[in-house]
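Have a look at the structure below before the remarks.
So that the names make sense, note that chain A is the first sequence line, chain B the second, and so on, each numbered from 1.
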Amino acid sequence: GAGVSQSPSNKVTEKGKDVELRCDPISGHTALYWYRQSLGQGLEFLIYFQGNSAPDKSGLPSDRFSAERTGGSVSTLTIQRTQQEDSAVYLCASSATSGLREQFFGPGTRLTVL
Amino acid sequence: KQEVTQIPAALSVPEGENLVLNCSFTDSAIYNLQWFRQDPGKGLTSLLLIQSSQREQTSGRLNASLDKSSGRSTLYIAASQPGDSATYLCAVQGGANNLFFGTGTRLTVIP
């Protein structure tokens, strides 16, 4: 596609439910990143994919968070047993892994946990 | 751990004024530095990327400089317009692949 896309754009869920957030990166970008932007806080890194493997998961805040990537393309971020503090905008980015390595961001998914 | 600071946190200027946004980072071992724009409720739009070997990049009315040794970057916006109103984020990429972001400068350009 022309840019990074994410779905859904908004998700409202009840505390304790599981949610899945989807990211479609720019075609041909082998690197994919998930970030989180909480209200009043900066953007924080969650996880990095190179192809289908995740060499850096250091930003995942707890074991309730997991992510996978299939076919070197689409990625899904799963949050199990959601808590109110998980409410945030979840942003996905992709980049090439050589040259400029400029990261291009999707529009984000706004997650609200009631 | 890399820490990125942006000053000021907020800035209001009259239309037409030139302005400078500041970014500082603690670890000079960076691969590149990106400036982004974020409009309310939207994702991030990449404005400029400066590689570690470069000193500046220009795009239209925007000019970004990088002084890696002192851990500083500036974003210069010439002849500001109301449409420039947004939050501007600075981010650095180091040996790790992820970006470390500053907390942003919220710019308001008053018509």
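The cluster map of Ile, Leu, Val, Met, Phe, Trp and Tyr, joined by side-chain heavy atoms under 4.5 Å apart, puts A/F65 and A/W34 in the same cluster. Both B/W35 and B/L19 are assigned to one and the same hydrophobic cluster, defined by single-linkage of ILVMFWY side chains at heavy-atom distances under 4.5 Å. Both A/L46 and A/V19 are members of a single hydrophobic cluster when ILVMFWY side chains are connected at heavy-atom separations under 4.5 Å. Using a 4.5 Å cut-off between side-chain heavy atoms of Ile, Leu, Val, Met, Phe, Trp and Tyr, with links allowed through other members, B/L21 and B/I30 fall into the same hydrophobic cluster.
Summarising the geometry, atom CD belonging to B/Q93 is positioned 6.5 Å from atom OG belonging to A/S95; distances are rounded to the nearest 0.5 Å. In this structure, CG on B/L48 lies 9.0 Å from CD on A/E102, to the nearest 0.5 angstrom. Taken from CD in B/Q38 to CG in A/L43, the straight-line distance is 6.5 Å, to the nearest 0.5 Å. Considering OG of B/S46 and CZ of A/F105, their distance stands at 9.0 Å, rounded to 0.5 Å. Atom CG in B/N98 sits 8.0 Å away from atom CD in A/Q103 (nearest 0.5 Å).
Only the side chain of B/L49 comes within contact range of chain A, judged by heavy atoms closer than 4.5 Å. Within the 4.5 angstrom heavy-atom criterion, no atom of A/E44 approaches chain B.
Surrounding CD of B/Q54 are more than 12 heavy atoms belonging to other residues, nucleotides or ligands, all under 6.0 Å away. Few gaps surround CG on A/L114; more than 12 heavy atoms of other groups in view lie less than 6.0 Å from it. Within a 6.0 Å radius of CD in A/E85, more than 12 heavy atoms belonging to other residues, nucleotides or ligands are found.
Aromatic rings of B/F101 and A/Y35 (six-membered ring for Trp) have centroids within the 6.0 Å cut-off, being under it.
The most heavy-atom pairs under 4.5 Å with chain A, out of B/N32, B/T45, B/L89, come from B/N32.
In this structure a side-chain-to-backbone donor-acceptor pair under 3.5 Å is missing from A/Y33 to B/L99.
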